[in-house]
Student: 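Questions regarding the structure given below will be posed in turn.
We use all heavy atoms of the structure for the numbers below, so side chains are in, but hydrogens, waters and symmetry mates are not. Chain naming here is simple, since letters A, B, ... match the order of the sequence lines and numbering starts at 1 in each.
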Number of protein chains: 2
Amino acid sequence: MKNTWYTRFINLFWEEPPTITLKDIAKEANVSLMTVSNVVNGNLHKVSKEKAEEIKHILETRHYVQNATARSLAKAHSNIVAIMLRNVRGENSMSSPHNAALLGEIIQRLQFYGYYAMINLVETREDIARNLKSWNARGAIFLGMLDNEIEQIYSLSSIPMVFIDSYSNVRQLSSVGIDDYKGGALAAEYFWEKGHRSIAFVSPPDYENSVIQHRLRGFLDTLERHQITLTADHRLVLESDVEPSVVERAVQKLASMRGRVTAAFVTSDQMAASFVGGLYATGIRVPEDISIIGFDNMPISRQTTPQLTTIEQNLSQKASFAVDILERRLKTPSAPAESRILDVRLVERASVIRIGSNGKDK
Amino acid sequence: MKNTWYTRFINLFWEEPPTITLKDIAKEANVSLMTVSNVVNGNLHKVSKEKAEEIKHILETRHYVQNATARSLAKAHSNIVAIMLRNVRGENSMSSPHNAALLGEIIQRLQFYGYYAMINLVETREDIARNLKSWNARGAIFLGMLDNEIEQIYSLSSIPMVFIDSYSNVRQLSSVGIDDYKGGALAAEYFWEKGHRSIAFVSPPDYENSVIQHRLRGFLDTLERHQITLTADHRLVLESDVEPSVVERAVQKLASMRGRVTAAFVTSDQMAASFVGGLYATGIRVPEDISIIGFDNMPISRQTTPQLTTIEQNLSQKASFAVDILERRLKTPSAPAESRILDVRLVERASVIRIGSNGKDK
DNA sequence: CTGAAAGCGCTTACAG
DNA sequence: CTGAAAGCGCTTACAG
């Protein structure tokens, strides 16, 4: 916007607080713009001590705030880290406590390093492309992208990226995830030990190489080792894990399997909690009639009655590892890709009961 | 970054996908940069139809993405809407399902209008000042700011702002909130009808003119009309509503009041759910021993056993009203400040029991 | 309908 | 240690 005579005129009445620029500070300090810039950016070895002090003082009294858009344009990159979260139209992916808490931790850590967090709820590949480029983001963090999307994403931009909860065959991928296979295995083994032989698996669709697929494999492999097979009708697939009506329907389905099924592994605490409540409403008690194991160890797993036995993962660690890896790659462009797989463990609470080997009694 | 001979040289090996600019497109289309700019920005009445089509085609095949930092610098404002969320150091304010779901809805609606959402977890006033200015944000949405902060925030910048869940005496304030007073009153009235006379109020601190204070007032006024007073020890204050240990301590406190208290109004479902689970663990049954009313009507209120009677508020409406008000003020700068207070209602479920007027029996 | 000029507020690269 | 020049990719304001 040019500073024409009439914009000045209007400002007289509008009382817009004037924007302070490097130039203003330079004039006031009787130095060049570059010297002020050096002070602002901490290149103090390029400025004499006295001048630096004086300039710092003026910067403070004038409440100078750097114009991030100008800086980004000149440097060809910004201090923005784009966070890409898959969103299904009409749903709210942040109503998942897992996603929400993870995002919160990520943003906090990003801010700690001085980055700005721009959140993009993405539905299409075009969304990703646009968001990745338009703000010259310094780096990007992806949540829950699928294998087949990752290669495409890589070709879109060469800024450092970290993928959370993604499996991929792409080499040189920086990623943070958990041992989903083990999580599934742990649940299966625990059910087995407690005498369960007829078990259900409840989850969103197990897309190729997805988190869910790995949990399912760990679960199936372990059951198989114990000569148990999971029949097709014991596999409940929820198209949405946040839509109440979808979850409710699955609860009814499981309720109808009473007697034929003694236990169910539900791949999130959020869903598992709905199952506990929902089953109770239909007269089925957890764990007396059906035992349940959840996933995540979110606060909600302690708010149900009975409290949920669940697979624990460390969310805040997942978040900080992701940001730390990104930060290393941003600081030193030659830094290699890093991947971290966090461990999981089973937290024993009250939603699983021991039954006789005939699959009926306590 | 200047395009010197050696940066070109390096690029030869780096294979950075080249950034396409207006200039590149202009050259390819044999028109001036301005004509391309007009097409990109939809000022089609300034361009002949044939040229427009041709340029559009080139834009597409070249995957042109506008450089938002350059645009923002030239226009003196960006398409970013800053979302300010109060955060307490060491806690994660997004682990509150209410905040998380609200944020998700806001971001979705912001994206619908073509804005970018930058999330700022703010701890100090300096955080707000910096975040408000540095990106030339087009507008800002504040969550849960207190009365005494709002005036200061106003003086920081004159971009359009909308406050969610804030009470303030500042005139010309655009805000969206709910009828907190009524929410408190509804809970008190319901307890009264069900025969409860000795009631507790559980919440975070009731800062001056805060959401909590208004709920408390509605609650107290209603009890008073029925000649009931809430004694000081029946007022449980939680310094944090997300820290499990803090909530746990409050649960113990309420448990110790068994017999002296027959009901408790807990100002969020999240906390209320912890109370239901926590009390059960100490052998106190809800609602038989203590009745509970929550607030928000979040999914969790249906996942507890018993399901929570709660005060419902419409989160997605709160979010879209906030964004819509902001959008109107952005489109037409002369648009007046708007405030909306959403209604609340009591959702009756199973966490409150009727007791005899002597305060003991069913 | 089209375009050349100046400017947004900063940084890089270089000369003193 | 300091600063004048050129440039980042766009827009505004204006002349044709």
Student: Select one nucleotide: of C:dG9, D:dG9, C:dT11, the one nearest the side-chain heavy atoms of B:N67.
Tutor: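 Nearest listed nucleotide: D:dG9.
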
Student: Report yes if at least one side-chain N or O of A:T35 is closer than 4.0 Å to OP1 or OP2 of D:dT2; otherwise report no.
Tutor: no

Student: Check the distance between C:dT12's P and A:L73's CG and give it to me in whole angstrom.
Tutor: 12 Å

Student: Rounded to whole angstrom units, what separation is found between the CG atom of A:N136 and the P atom of D:dG9?
Tutor: 9 Å

Student: Could you tell me the separation between the NZ atom of B:K27 and the P atom of C:dG3, rounded to a whole number of Å?
Tutor: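 My rounded result for the distance is 15 Å.
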
Student: In terms of side-chain heavy atoms, does B:S93 have a donor or acceptor partner in B:N87 at a distance below 3.5 Å?
Tutor: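 Yes, side-chain donor-acceptor contact under 3.5 Å.
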
Student: Quick one about A:Q172 and A:Y154 (side-chain donor to acceptor, distance below 3.5 Å, no hydrogens or angles considered), yes or no?
Tutor: no

Student: What nucleotide among C:dA4, C:dG9, D:dG9 has an atom nearest to a side-chain atom of B:A70?
Tutor: D:dG9

Student: Quick one: which of D:dT12, D:dC10, C:dT11 gets closest to the side chain of B:Y64?
Tutor: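 Of D:dT12, D:dC10, C:dT11, D:dC10 is nearest to the side chain of B:Y64.
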
Student: Taking atom C1' of C:dC10 as reference, at what distance in whole Å does atom CD1 of A:I20 sit?
Tutor: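 Taking CD1 of A:I20 and C1' of C:dC10, I get 16 Å after rounding.
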
Student: In terms of the nearest nucleotide of DNA chain C, which residue is placed more toward the 5' end: B:K49 or A:L33?
Tutor: B:K49

Student: Considering just the side-chain nitrogens and oxygens of A:S72, establish if one lies under 4.0 Å of OP1 or OP2 belonging to C:dC10.
Tutor: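 The answer is no; no side-chain N or O of A:S72 sits under 4.0 Å from OP1 or OP2.
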
Student: Counting only Watson-Crick or G-U wobble pairs whose two distances fall under 3.5 Å, which nucleotide matches C:dG3?
Tutor: D:dC14

Student: Within the pair A:S37 and C:dC10, is there a side-chain N or O less than 4.0 Å away from OP1 or OP2?
Tutor: no

Student: For B:K75 and D:dT12, is the shortest distance between a side-chain N/O and OP1 or OP2 below 4.0 Å?
Tutor: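 The answer is yes; a side-chain N or O of B:K75 sits under 4.0 Å from OP1 or OP2.
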
Student: Roughly how far apart are B:S157 OG and B:I128 CD1, rounded to 0.5 Å?
Tutor: 11.5 Å

Student: Taking 4.0 Å as the cut-off, does a side-chain nitrogen or oxygen of A:T21 come that near to OP1 or OP2 on C:dG9?
Tutor: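 A:T21 to C:dG9 OP1/OP2: no side-chain N or O under 4.0 Å.
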
Student: Whole angstroms only, please: what is the CG-P distance between B:L22 and C:dG3?
Tutor: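 Between P of C:dG3 and CG of B:L22: 14 Å.
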
Student: Answer yes or no: is there a side-chain heavy-atom contact under 4.5 Å between A:M161 and A:L326?
Tutor: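 Answer no - side chains too far apart.
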
Student: What's the CZ-C1' distance between A:R71 and C:dC8, to the nearest Å?
Tutor: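 Taking CZ of A:R71 and C1' of C:dC8, I get 17 Å after rounding.
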
Student: Any side-chain heavy atom of B:V122 within less than 4.5 Å of one from B:M145?
Tutor: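 The answer is yes; the side chains approach within 4.5 Å.
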
Student: From the list D:dG9, C:dA5, D:dG3, which nucleotide is the closest neighbour of the side chain of B:M34?
Tutor: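 Of the candidates, C:dA5 comes closest.
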
Student: For A:K46 and for A:K23, locate the closest nucleotide of DNA chain C by heavy-atom distance; then report the residue assigned to the nucleotide nearer the 5' terminus.
Tutor: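 First, find each residue's nearest nucleotide; the 5'-ward one identifies A:K23.
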
Student: Tell me: NZ of A:K51 to C1' of D:dT2, nearest whole Å?
Tutor: 7 Å

Student: Between C1' on C:dG9 and CD on A:Q66, what's the gap in Å once rounded to a whole number?
Tutor: 10 Å

Student: What nucleotide, of C:dT12, D:dC8, D:dG9, holds the atom closest to the side chain of A:A74?
Tutor: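 Within the option list, the nearest is D:dC8.
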
Student: Using 0.5 Å steps for rounding, measure from the CD atom of A:E149 to the CG atom of A:L146.
Tutor: 4.5 Å

Student: Taking 4.0 Å as the cut-off, does a side-chain nitrogen or oxygen of A:N41 come that near to OP1 or OP2 on C:dT11?
Tutor: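 Indeed, a polar side-chain atom of A:N41 lies that close.
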
